Amino acid sequence: MTLNEQKLAALDIQKIRGDFPILNREVRSGIPLVYLDSTATSQKPLQVLSVMDDYYRRSNANIHRGIHVLAEEATGAYESARERIAAFIGAATPKEVIYTRNTTESINLVAQTWGRANLENGDVVILTEMEHHSNLVPWQILAAERNLRLEFISVTPDGLLDLESYTELLKLDPKIVAFTHMSNVLGTINPAREIIQMAHTVGALTLVDAAQSVPHIPVDVQALDCDFLAFSGHKMCGPTGVGILYGRRELLEAMPPFLGGGEMIKRVELRSFQNNELPHKFEAGTPAIAEAIGLGAAVDYLAEIGMDAIEQHEQEIIAYALERLEEIPGVKVFGPEAQYKGGVAAFTLPEAHAHDISQILDSDGVAVRAGHHCAMPLHNKFGITATARASFYLYNTEEEVNKLVDGIYKVKKIFA
Amino acid sequence: MTLNEQKLAALDIQKIRGDFPILNREVRSGIPLVYLDSTATSQKPLQVLSVMDDYYRRSNANIHRGIHVLAEEATGAYESARERIAAFIGAATPKEVIYTRNTTESINLVAQTWGRANLENGDVVILTEMEHHSNLVPWQILAAERNLRLEFISVTPDGLLDLESYTELLKLDPKIVAFTHMSNVLGTINPAREIIQMAHTVGALTLVDAAQSVPHIPVDVQALDCDFLAFSGHKMCGPTGVGILYGRRELLEAMPPFLGGGEMIKRVELRSFQNNELPHKFEAGTPAIAEAIGLGAAVDYLAEIGMDAIEQHEQEIIAYALERLEEIPGVKVFGPEAQYKGGVAAFTLPEAHAHDISQILDSDGVAVRAGHHCAMPLHNKFGITATARASFYLYNTEEEVNKLVDGIYKVKKIFA
Amino acid sequence: MDDLYRELIIDRYKNPQFRGELDPHDITFEDDNPYCGDHIRVDVRLDENNIVTEAVYSGEGCSISQASADLLIESIHGKPLDEVKALTKEDVLELLGIELGPVRLKCALLSLKVLKAGAYGLGEASDDLVT
Amino acid sequence: MDDLYRELIIDRYKNPQFRGELDPHDITFEDDNPYCGDHIRVDVRLDENNIVTEAVYSGEGCSISQASADLLIESIHGKPLDEVKALTKEDVLELLGIELGPVRLKCALLSLKVLKAGAYGLGEASDDLVT
Ligand SMILES: Cc1ncc(COP(=O)(O)O)c(C=O)c1O
Ligand SMILES: Cc1ncc(COP(=O)(O)O)c(C=O)c1O
């Protein structure tokens, strides 16, 4: 153990890294992968891959309607995953946990069902300037259809939400406040509990975009007291193709259905239908069965390691990364100090574009993302079009941060 | 080779069965699985499972925006799968192939985008009495919202579409005719080409629910000349969590977007956005990447064996199954003669309910489905609430049909 | 399997004891199992102390759903309404005397769900009544 | 990598030869790469025979997008408009002299897409122009 590794005592990193087969990959001969792009999507441990593979090799069947052994096993595994996911986020009942494709679909579901049923001409929806496109465009579509007024909590120069601007906006009698729990660019962890309480004071509902928080920090929907919360499986060690919408039961019960088809009905005649009960009411057609089961395994994996320990590990690694990045002449990291943020460092260099940084880092196996990270308005706000973004997860080490830093020096040399 | 096996010369069944690990499973000690439920969902060959597993172990990354090796590989694999799927169904360009979750979402996408943009008060939509709920409820939802008139091509007592009733309905100046290519209960393969031509004659568009046809018979969208076509990956040797909407390019280009978020945009400001190009315009958020790649592998697998050979095999096995089932006193099989149908046999027994049939068959490892198979109106039409359904795919054998028949005799004995 | 098709179940399915409808009734409720189309209606008469004096069921479905309805309805005769409201999934499984997977469980519990929704005077039945 | 960062590309990125805007112009068009926010605008002047007499580009982006724009614009001077319309992906890759993965390819081809959309007088640019 080096000194740096000792500091990261929260997790047994070498053991964890052993769970992720991709981390042994050489991206080119002799050049191992240094994966610093978990904010885009996380890697998957064997514990998740083998559950899915095993499902397909042993139990694969369509669910809920079959009486044979496979269908009973598949139904049991699918619903048991829902129960464990509900427990992971502290939902009062698994009925409040709806399987979707991803965070984006979860948010669209709310906008298109709750939104269409409850918002009309002139109603105010509060968002923030640091939202991912997935928590902007669904509301823009609805706003155009219903003539809604979208207002935005502003972002301070250090990348925090300006709660004074929020206090002002609350005077507009908003119907819903939809905000990101953790920014995928700035890394900022927003004071969700406080934002929600303030919204509830004026009678507004709240939707939390938890795409970046549920994977990285402990989240309890009852403690937050949020009304809706959305996240994606693929960012939290789970497979692609599955996400979650949490919603308070009374709200979900009152909402019209989203998509129509099999599973979501109780009774169908040629010209009419009756909804099924929660959660099935919102799950039309054959769902992502293997993926839901995989997400159940991901939640087991994360819970076993402990979200507190994961948070602490990322806290340590981002503090180290910021320290090292700030040593490099010209590097500008966006977002607040380490104590207000999770494991995300988006940065620019004066001499090279983010794409070029990413490309040159890639030549040393260091995978970072470059671009607007689906947050164009936030980039506009900071007067830039693109940043390079290194992001960290439970499997990253300080050694990898060092490789990132070495790579940035190489970029500087090439573009000198 | 027994005599019966020789007749099934279209496919090398033993070799094919070796590709499907689940077919070696014993559902209980000493009792091998006889999987006759492929209409609900098909089993998956190793060729598909290993492509997905490999993706997660080697190349997993978010797509389209990353410059690092993994992201380039993931993007390449995802888009290459789209190209092969487009080729498999004869689409003019991969841009006409939209990844969705399943058939159900594909149909909802059309109803909610094309439908909302083009249908209004009093407009007529033609469906059929043999539709799956997934091709009923999306139109019912739209009909309630827009005050549309839904009309239904009737089903004859032998389970064929009554084209005379269709001719009458076409006089109502319908805007769209949405129908199933192959019934998941009756097995009927409808004359899609003719139905589409007739619709086009009166200027109506067409949507083909190909959930059961694309997996089982050769389908060419340009030969059919359909406007939209929907199917699911999980019914055609692919994974859960991915489906396809095919649409004619001009139509897709004119349609408003479906869900809003990342990927589907070209440019976003706080209060407005510009759509991305096809096909991304309809793919909001991180898609089912591994699943799309898996579906690409499934299409390769099916194409390699040959859809003609698969069709012929199912033709032979359904003919044999009908012959054997009709020997059993009291068994009533729904749907037309073998020559008009694919590998689906839904039946009833006077003495036992479909659930009980299925349960007793299951005790011998024979997996069939029991219920209304998401086609309640069709069951109502035939005056029943439930059928037991055996369905066949490329891996099924006449031996398995024999086990089904033996099991039905056992049911008769228990309920005698 | 043998277990699942105990003589009792087949017997009650073929020779139900409590099939029928009551008119007038103090309680009536009906509902479907959305996954298979099984349907059960329950009619109950109470005396002035809210004790069940007569109860029957009707509808259609598999042997498990019908036999469990028959056994359940039998068991509530002479019971106070409060006890009916307090019936659980375990009570029905005990009457049936078999183990069931998640799908078949829905068949077995449909009658209890309908009975309890009626007993509580609910507008809609919910799975919560039987979990 | 060394390959990707050929001296030519770094050089054109740092010292572009054809940056600017033209007003008046005969052709102008601009578009974004939706995946990264790169932006390119192209302005072209033609003579009476539809030969390119002057052309420049502006916008921002990475070394690949800017260098390829610079090289592309250089290459069209003196060319008839019809030849500009006929330019392909391969032409640009030849100018750059490197191989690119699918994501980086979009950077390299943005200027061609913009140029061709302008040359054809289209309302919107499409990837079809560069495939
Ligand atoms: C004819 C038909 N249409 C639609 C569907 C719905 O497919 P999915 O559940 O995959 O959306 C099915 C499958 O159950 C089907 O058989
Ligand atoms: C904050 C935030 N919201 C929403 C999303 C969208 O997630 P998905 O693409 O899985 O729908 C992301 C991920 O890119 C994100 O970081």
Side-chain angles (χ1 to χ4, degrees), chain A residues 21-22 25 27 40-41 43-44 49 53 56-58 60-62 65-70 101-102 104-105 108 133-134 136-138 140-141 150 152 232 234 239-241 259-262 265 268-273 284-286 288-291 355 358-359 362 367 369-371 374 376-377, chain B residues 21-22 25 27 40-41 43-44 49 53 56-58 60-62 65-70 101-102 104-105 108 133-134 136-138 140-141 150 152 232 234 239-241 259-262 265 268-273 284-286 288-291 355 358-359 362 367 369-371 374 376-377:
Chain A
I22 205 170
R25 172 168 177 188
V27 294
T41 199
Q43 295 305 338
K44 325 300 176 199
L49 299 184
D53 201 53
Y56 281 127
R57 283 165 187 259
R58 286 192 51 79
N60 173 65
N62 214 327
R65 253 165 310 228
I67 290 167
H68 51 76
V69 170
L70 302 190
R101 178 171 36 243
N102 49 27
T104 304
E105 191 186 29
N108 278 273
H133 296 162
S134 292
L136 290 172
V137 182
Q140 293 174 352
I141 292 175
L150 304 182
F152 300 85
S232 298
H234 69 94
T240 52
L259 306 182
I265 55 86
V268 177
E269 322 227 338
L270 283 175
R271 290 186 175 81
S272 65
F273 70 98
T286 303
I289 303 171
E291 293 73 15
H355 272 188
S358 173
Q359 183 96 48
D362 177 60
R369 198 140 286 236
C374 291
M376 290 182 87
Chain B
I22 205 170
R25 174 172 173 182
V27 294
T41 198
Q43 296 304 340
K44 326 299 175 200
L49 299 184
D53 202 53
Y56 281 128
R57 284 165 186 259
R58 286 192 51 78
N60 173 65
N62 214 325
R65 254 166 310 229
I67 289 166
H68 51 76
V69 170
L70 303 190
R101 178 172 34 246
N102 50 27
T104 304
E105 191 187 28
N108 278 273
H133 296 162
S134 292
L136 290 172
V137 182
Q140 292 175 351
I141 292 175
L150 303 183
F152 299 86
S232 299
H234 69 93
T240 52
L259 306 182
I265 54 85
V268 177
E269 322 227 337
L270 282 176
R271 290 187 175 80
S272 65
F273 71 98
T286 303
I289 303 171
E291 294 73 16
H355 272 186
S358 173
Q359 183 96 47
D362 177 61
R369 197 141 287 236
C374 292
M376 288 182 88

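Chain identifiers are assigned alphabetically (A, B, ...) following the order of the sequence lines, protein sequences preceding nucleic acid strands; residue numbering begins at 1 within each chain. The structure presented is a predicted model; accordingly, all values stated were derived computationally and were not measured.
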- Note on the structure: Counting heavy-atom pairs under 4.5 angstrom with chain B, the leader among Ile265(A), Leu270(A), Leu49(A), Val69(A) is Leu270(A)

- Item | Option in Arg57(B), His355(B), Gln140(B) with maximal non-hydrogen atom pairs under 4.5 Å from chain A | Gln140(B)

- Item | Closest non-hydrogen atom pair, Gly260(A) against Pro138(B) | O-CG, 3.4 Å

- Note on the structure: chain A shares the most heavy-atom pairs under 4.5 Å, among Val268(B), Asn102(B), Thr41(B), with Val268(B)

- For Thr240(A) and Tyr56(B), which heavy atoms make the closest approach, and how far apart are they? N-OH, 3.1 Å

- Query: Between Met376(A), Glu291(A), Lys44(A), which shows the greatest number of heavy-atom pairs under 4.5 Å with chain B?
  - Reply: Glu291(A)

- Task: Heavy-atom distances under 4.5 Å only: say whether Arg58(B) touches chain A with side chain, backbone, both or neither.
- Result: both

- Query: Do you know the tightest heavy-atom contact between Cys374(A) and Gly262(B)?
  - Reply: SG-CA, 4.0 Å

- Note on the structure: Applying a strict 4.5 Å limit to non-hydrogen atoms, the region of His234(A) in contact with chain B is side chain

- If one checks every heavy atom of Asn62(A) against chain B at 4.5 Å, the contacting part turns out to be both

- Query: Heavy-atom distance under 4.5 Å to chain A: side chain of Glu269(B), backbone, both or neither?
  - Reply: backbone

- Query: In terms of heavy-atom proximity below 4.5 Å to chain A, should Asn60(B) be classed as side chain, backbone, both, or neither?
  - Reply: both

- Query: Do you know the tightest heavy-atom contact between Leu259(A) and Glu105(B)?
  - Reply: CD1-CG, 3.8 Å

- Task: Tell me, out of Ala290(A), Gly371(A), Ser232(A), Ala284(A), who's got the most heavy-atom pairs with chain B below 4.5 Å.
- Result: Ala284(A)

- Message: Could you check whether any side-chain heavy atom of Arg25(B) comes within less than 4.5 Å of a side-chain heavy atom of Gln43(B), counting everything from C-beta outward?
- Response: no

- Query: chain B heavy atoms under 4.5 Å from Ile289(A): which part of the residue, side chain, backbone, both or neither?
  - Reply: both

- Is it the side chain or the backbone of Leu136(A) that comes within 4.5 Å of chain B heavy atoms, both, or neither? side chain

- Message: For Arg271(A), give me all partners under salt bridge (charged side-chain N to carboxylate O under 4.0 Å, His left out), at least two apart in sequence or on another chain.
- Response: Glu151(B)

- Message: Any non-hydrogen side-chain atom of Val27(A) less than 4.5 Å from a side-chain atom of His68(B)?
- Response: no

- Using side-chain hydrogen bond (donor to acceptor under 3.5 Å, both in side chains) as the criterion, list what pairs up with Thr104(B), not counting sequence neighbours. Ser134(B)

